[in-house]
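The structure appears below as structure tokens.
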There are 4 protein chains.
Amino acid sequence: MNTGGRPRSEEARLAVLHAVDDLLLEVGYSAMTMKSIADRAKVSRATVYRWWSTKAEVLFEASALDSVKELTIEASGDPRADLVAYLDALAVFLSRSPAGIAYRVLLTEARGDAAVAELFSSRDVLGDTSRPVLERALPGAVGDRVLASFIGPVFFWAASGRDPADLDARELVEAFLRSVRP
Amino acid sequence: MNTGGRPRSEEARLAVLHAVDDLLLEVGYSAMTMKSIADRAKVSRATVYRWWSTKAEVLFEASALDSVKELTIEASGDPRADLVAYLDALAVFLSRSPAGIAYRVLLTEARGDAAVAELFSSRDVLGDTSRPVLERALPGAVGDRVLASFIGPVFFWAASGRDPADLDARELVEAFLRSVRP
Amino acid sequence: MNTGGRPRSEEARLAVLHAVDDLLLEVGYSAMTMKSIADRAKVSRATVYRWWSTKAEVLFEASALDSVKELTIEASGDPRADLVAYLDALAVFLSRSPAGIAYRVLLTEARGDAAVAELFSSRDVLGDTSRPVLERALPGAVGDRVLASFIGPVFFWAASGRDPADLDARELVEAFLRSVRP
Amino acid sequence: MNTGGRPRSEEARLAVLHAVDDLLLEVGYSAMTMKSIADRAKVSRATVYRWWSTKAEVLFEASALDSVKELTIEASGDPRADLVAYLDALAVFLSRSPAGIAYRVLLTEARGDAAVAELFSSRDVLGDTSRPVLERALPGAVGDRVLASFIGPVFFWAASGRDPADLDARELVEAFLRSVRP
DNA sequence: GCATAATCGAGACGGTACGTCCCGTCTTCTG
DNA sequence: CAGAAGACGGGACGTACCGTCTCGATTATGC
């Protein structure tokens with residue numbers, strides 16, 4: 001058996017992923033086309049299609065790694081400070097980071113596009129990154145409801161286009177903690 | 001003076017708005033095209049363009065009226081019950097109602113499309129409808145932060161595709177009230 | 001029986017006919033639209049359609065009168081000079097006059113458009129105007145073949161875009177006369 | 001160096017040229033649209049536009065080769081017979097042949113459309129094909145005036161919709177020769 | 001070193017939506 | 001009634017992108 005053939009160009013792969021990041025910020029999701037991605041990456045259109053079926057897929061791969069990286073909070077020893085740090089990171093992520101913008105866009109796309117929904121089924125970025133932080137502060141009490149109460153306010157703030165700088169994460173965490181501990 | 005001209009067809013207007021509602025649910029926002037709207041509404045494409053510039057605009061008009069209607073909670077005399085009713089209505093709105101789906105999609109579209117962002121600047125549906133209900137329960141204390149804490153959890157729940165039936169609005173309201181009243 | 005009603009506006013009629021003449025020269029036949037005619041004539045589109053079915057019809061009416069006028073040669077007493085005068089008039093008509101341009105365009109349109117062909121069946125402008133002049137020079141000898149020999153060279157000259165000033169009508173008439181009188 | 005790219009489809013090219021020929025006869029020039037050409041040729045509209053800017057350009061290419069072919073008269077040894085043969089061919093060409101119809105239509109279109117006029121500047125089909133035949137009969141005497149006298153009558157005959165069968169080419173040639181040789 | 005094989009670029013292909021323009025018809029108001 | 005205004009359904013315009021394809025050129029592997 002011949003396992004030969006020219007190997008995939010890592011250079012091309014990275015060029016595409018970076019192009020997608022750039023274009024998302026510059027022109028937005030709907031104005032970003034497979035053609036504009038290929039042109040920006042200086043790669044042929046066929047090369048993009050060879051490795052990704054849709055722009056949602058490219059975008060997902062482009063943001064997946066960054067998402068976890070940007071939302072991972074090291075344990076500082078002070079669980080309450082970690083919660084504040086997480087919300088701060090989340091606010092910036094959802095409002096400013098290409099990966100976070102991509103996350104919001106793809107989440108919206110997921111409704112009405114089963115292929116995109118499928119991408120999310122394998123990985124719950126916000127849940128996976130927030131749960132450890134929450135567990136440190138509230139051991140054993142972290143269900144979906146509590147998680148939504150923690151993340152929701154910041155998520156809504158970012159989604160509705162408000163400035164993350166106007167958020168007071170410390171105040172939000174205190175309110176959150178009051179809400180779970182009567 | 002001649003004020004002439006054939007009057008606008010109300011029939012055509014409504015057909016378009018209904019077509020948009022239908023298509024949003026059936027095929028989703030990005031697969032919905034101006035052509036498919038016109039075809040579904042049995043209206044010429046030019047007629048759609050005559051009155052709306054983009055599909056975002058049609059969608060906004062189609063959902064604006066319904067949005068307020070679906071989120072308006074009559075004062076029952078029990079402010080706490082009204083909060084519960086609002087969150088229930090909000091969960092259904094964001095997860096199931098065409099108007100609510102449209103709201104989420106347009107909000108995402110607003111980032112990176114100034115024209116869509118402009119549409120929202122004139123009308124803050126969630127704020128306008130929730131603020132009166134909150135004011136009845138917490139007179140004088142309703143800033144943006146409090147509003148985000150109230151709405152956020154449900155918004156996140158719906159945005160991440162979770163079932164609104166699994167939400168316990170009563171519990172959410174109690175947690176919310178604990179968070180604001182130390 | 002009611003014979004009342006507002007009478008047709010002669011002003012509008014003339015405005016349309018002049019607009020057609022102007023547009024034919026300025027933008028050519030195919031770029032001339034019913035809308036541009038109406039706009040140029042400062043007349044409503046419906047008014048144009050009320051009196052003419054197609055732009056070919058307007059053009060025909062606009063050029064019919066002028067055509068005969070421009071090609072009618074008074075008998076000078078010298079039949080040969082009249083032939084020269086006719087060819088000179090014909091060259092200018094076909095190359096420069098709006099009516100003549102219209103004539104050539106409509107003649108081409110006639111092939112493949114029965115409605116336009118119909119317009120010509122009632123009136124043979126070139127035949128009607130040239131025949132009397134020819135009869136004066138060659139009594140009794142004017143068949144279609146002779147007429148074609150007389151008109152043809154100038155017609156071809158104009159049709160192929162050559163300058164009418166480069167034509168020597170006197171020489172053409174002499175050649176023509178040599179050709180018919182052995 | 002990469003000179004790559006999928007090669008042009010000769011099949012598509014011919015399908016378009018034939019479609020144009022067919023449509024010209026069936027529906028005429030103005031009713032022939034770029035869309036109808038593409039549909040008839042079973043080719044995408046973009047493919048037509050990729051290679052030709054306007055329907056005039058397609059039509060020109062479709063008729064150019066045939067035009068010369070249909071109007072080329074082999075020297076028979078009898079110059080006078082060759083002139084008759086040319087006029088016969090010309091009459092059929094202008095009245096019946098798709099290429100000839102196209103020639104007449106484009107010539108009319110050339111007035112008022114500089115792009116079409118440009119097409120003709122590179123190639124004078126009637127002049128190029130008739131001049132050699134004329135030179136054999138009248139060596140050294142073939143100017144534009146003589147050429148117009150030779151071609152004009154047949155051109156007018158065809159342009160005004162008369163039947164080419166009613167033309168007597170032999171008689172026309174004799175008249176022509178009388179006109180040039182006193 | 002030389003076939004094999006997969007990648008890469010370039011760019012044509014059939015297709016579809018875009019937003020615009022004009023078609024010819026209509027509906028309403030004004031003169 | 002005529003005429004102006006202008007909306008209507010329809011359809012072609014020329015452009016852009018879709019996803020697929022067919023090339024020649026390149027870069028690995030394995031004989």
Side-chain angles (χ1 to χ4, degrees), chain A residues 1-13 31-39 42-51 53-55, chain B residues 1-13 31-39 41-51 53-55, chain C residues 2-9 11-13 31-39 42-51 53-55, chain D residues 1-13 31-39 41-51 53-55:
Chain A
M1 176 196 170
N2 191 339
T3 57
R6 180 175 177 173
R8 174 173 186 185
S9 161
E10 183 64 11
E11 192 179 2
R13 180 178 158 269
M32 174 174 77
T33 67
M34 289 297 251
K35 180 177 194 304
S36 68
I37 294 170
D39 288 353
K42 303 201 175 184
V43 143
S44 99
R45 225 138 41 85
T47 297
V48 181
Y49 283 112
R50 215 187 318 273
W51 303 108
S53 304
T54 62
K55 62 176 174 173
Chain B
M1 180 200 168
N2 194 341
T3 58
R6 181 176 177 171
R8 175 172 184 185
S9 162
E10 184 65 10
E11 194 178 2
R13 179 176 159 270
M32 175 175 77
T33 66
M34 288 297 250
K35 179 180 194 308
S36 68
I37 294 169
D39 287 352
K42 303 202 175 183
V43 141
S44 101
R45 224 142 45 85
T47 295
V48 180
Y49 283 111
R50 215 186 319 271
W51 303 108
S53 303
T54 62
K55 60 177 176 171
Chain C
N2 190 346
T3 57
R6 182 173 174 173
R8 176 174 184 185
S9 160
E11 193 180 1
R13 180 176 159 270
M32 174 175 77
T33 66
M34 288 298 250
K35 180 179 193 306
S36 67
I37 294 169
D39 288 353
K42 303 202 174 181
V43 142
S44 101
R45 225 137 40 84
T47 297
V48 181
Y49 283 112
R50 214 188 316 273
W51 304 107
S53 305
T54 62
K55 63 176 175 173
Chain D
M1 178 200 168
N2 192 342
T3 58
R6 181 175 178 173
R8 175 172 183 184
S9 162
E10 184 66 10
E11 194 178 1
R13 179 178 158 270
M32 174 174 78
T33 66
M34 288 297 251
K35 179 177 195 305
S36 68
I37 294 170
D39 288 352
K42 303 201 174 184
V43 142
S44 99
R45 225 141 46 83
T47 296
V48 181
Y49 283 112
R50 211 179 331 263
W51 302 108
S53 303
T54 61
K55 60 177 176 172

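What you see below is based on every heavy atom in this structure, not just the backbone, and it leaves out hydrogens, waters and symmetry mates. Bear in mind that the values here come from a model prediction, so they are computed numbers and not experimental data. Lettering follows sequence order; numbering is per chain, from 1.
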If I take atom [atom1] in residue [X] and atom [atom2] in nucleotide [N], what distance separates them, rounded to the nearest angstrom?
{"X": "A:Lys42", "N": "E:dG11", "atom1": "NZ", "atom2": "P", "answer": "15 Å"}
{"X": "A:Glu11", "N": "F:dT27", "atom1": "CD", "atom2": "P", "answer": "11 Å"}
{"X": "B:Ile37", "N": "E:dG19", "atom1": "CD1", "atom2": "C1'", "answer": "14 Å"}
{"X": "D:Asp39", "N": "E:dG14", "atom1": "CG", "atom2": "P", "answer": "12 Å"}
{"X": "B:Glu10", "N": "F:dA7", "atom1": "CD", "atom2": "P", "answer": "15 Å"}
{"X": "D:Lys35", "N": "E:dA17", "atom1": "NZ", "atom2": "P", "answer": "13 Å"}

Inset, instruction - Give D:Lys55 one of three labels, base, sugar-phosphate or nothing, depending on what nucleic acid heavy atoms sit under 4.0 Å from its own. - result: nothing
Please list each protein N or O that sits under 3.5 Å from an N or O in nucleotides 24-27 of chain E, with the distance.
from: E:dG24; atom 1: OP2; to: C:Tyr49; atom 2: OH; distance (Å): 2.4
from: E:dG24; atom 1: N7; to: C:Arg45; atom 2: NH1; distance (Å): 3.0
from: E:dG24; atom 1: O6; to: C:Arg45; atom 2: NH2; distance (Å): 3.2
from: E:dC26; atom 1: O2; to: B:Arg6; atom 2: NH1; distance (Å): 3.2

Tell me, please, which residues at least two apart from [X] pass side chain to side chain contact (heavy atoms under 4.5 Å, CB included).
{"X": "D:Arg6", "result": "none"}
{"X": "C:Arg45", "result": "C:Lys35, C:Ala38, C:Tyr49"}
{"X": "C:Ala31", "result": "C:Val27"}
{"X": "B:Ser53", "result": "B:Glu57"}

Inset, instruction - Please check the phosphate of E:dG14 (OP1 and OP2 only) for any side-chain N or O of D:Thr47 closer than 4.0 Å. - result: yes
Legend entry - E:dC13 OP1/OP2 closer than 4.0 Å to side-chain N/O of D:Trp51: yes
Legend entry - 5'-most by nearest nucleotide on DNA chain F - C:Val43 or D:Ser36: C:Val43
Legend entry - Minimal non-hydrogen separation, D:Met34 against D:Thr54, with atom names: CE-C, 3.8 Å
Inset, instruction - Could you pick out which residue, A:Arg50 or C:Met32, lies toward the 5' side of DNA chain E when each is mapped onto its nearest nucleotide? - result: A:Arg50
Inset, instruction - Enter the distance from B:Thr47:OG1 to B:Lys42:NZ here, rounded to the nearest 0.5 Å. - result: 15.5 Å
Inset, instruction - Applying salt bridge (charged side-chain N to carboxylate O under 4.0 Å, His left out), name anything that partners A:Arg50, two or more places apart in sequence or on another chain. - result: none
